[in-house]
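Keep in mind that this is a model prediction, so the values were computed, not measured. Just so we're on the same page: letters track the sequence lines, and every chain starts at 1.
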Amino acid sequence: MLNLAMPQNSYPRPLPRRFFSQNALEVTRRLIGKTLVRFLDDDILMGKIVEAEAYIGENDPACHAFRGLTPRTRVMYGPPGFSYVYFTYGMYFMLNAVCEREGFPAAVLIRAVEPLEGLDKMMELRKIEDPLKLANGPGKLCVAFDIKSELNAIDLTSKVSNLQLCAGKDVAHVKWTSRVGIREGSDKKWRCFIPGNKFVSPGKIKLRPRKS
DNA sequence: AGAATGATCCTCT
DNA sequence: GAGGATCATTCTC
């Protein structure tokens, strides 16, 4: 559907690759306030990033690259600015942006966005109405933005990609806490979010007891 | 409010 | 086979 309120030449521009080549914590901090843009056949969806987490290198036990280079983690070892989309819990996709230099595996998990544009389509995809709950978690966000494995390893900095990370309004104040839903590595305060923002995820995931 | 459970399947061991 | 960067629903207190 043609959106007359926002003509094409006023879409935010994709962030440059050098943005993602910085260290992962810097990228995480600076992604807060930026815009996630998704182009569908008949809709354009946008959201303001309000929460993100860093996963950094082979020594971070919560990072998928902790177990080294595998077919799945290959994209994390590639150049910055690409998507790392993976499937988990038998049900959900997670969206990451690869960062740091090529050869060093690191990525930023986009955990929550505040919906800005295309709310009707997000409601249809999510099958709920409440704007506060459309994308306030990494799994929900991927449903709301129709992000699946076919969007893995795509260039988020290209203006022809149908998933982009774009300019936004800088956020003055953020808070850092432990990452959500992980078993090890919770000593590191690598989760960044806008304190008080209503679109941030609940941040409480119950880990199932491990058999052993 | 907090705990338990089902959904559901890809990736790595 | 096991476990997982989750979520919604259903319980129990």
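- With a cut-off of 3.5 Å on both Watson-Crick or G-U wobble distances, the partner of C:dA8 is given as B:dT5.
- The nearest whole Å value for the distance from the CZ atom in A:Phe66 to the C1' atom in C:dG3 is 15 Å.
- For C:dT6, the OP1/OP2 oxygens have no side-chain nitrogen or oxygen of A:Arg179 closer than 4.0 Å.
- Rounding to the nearest 0.5 angstrom, the gap separating the CZ atom in A:Arg111 from the CD atom in A:Glu51 is 4.5 Å.
- The ring of A:Tyr89 lies on top of the base of C:dT6, close enough and flat enough: under 5.5 Å between centres, under 30° between planes.
- In A:Asn59, the CG atom is not crowded: 12 or fewer heavy atoms of neighbouring residues, nucleotides or ligands sit closer than 6.0 Å.
- Of the side-chain N and O atoms in A:Arg111, none sit less than 4.0 angstrom from OP1 or OP2 of C:dA5.
- Residue A:His64 has no polar side-chain atom (N or O) positioned under 4.0 Å from OP1 or OP2 of B:dT11.
- Nucleic acid contact for A:Arg191: none, since no nucleic acid atom lies under 4.0 Å from a heavy atom of the residue.
- For A:Arg17 and A:Asp155, the salt-bridge test passes: some basic side-chain N is under 4.0 Å from an acidic carboxylate O.
- A:Gly139 comes within 4.0 angstrom of the backbone, heavy atoms only, and of no base.
- At a threshold of 4.0 angstrom between heavy atoms, the contacts of A:Leu109 include nucleobase atoms, whether or not backbone atoms are also involved.
- Distances shown here put a side-chain N or O of A:Lys140 below 4.0 Å from the OP1 or OP2 atom of C:dA8.
- Note on A:Glu26 versus A:Arg29: no salt bridge recorded, every NZ/NE/NH1/NH2 to OD/OE distance being 4.0 Å or above.
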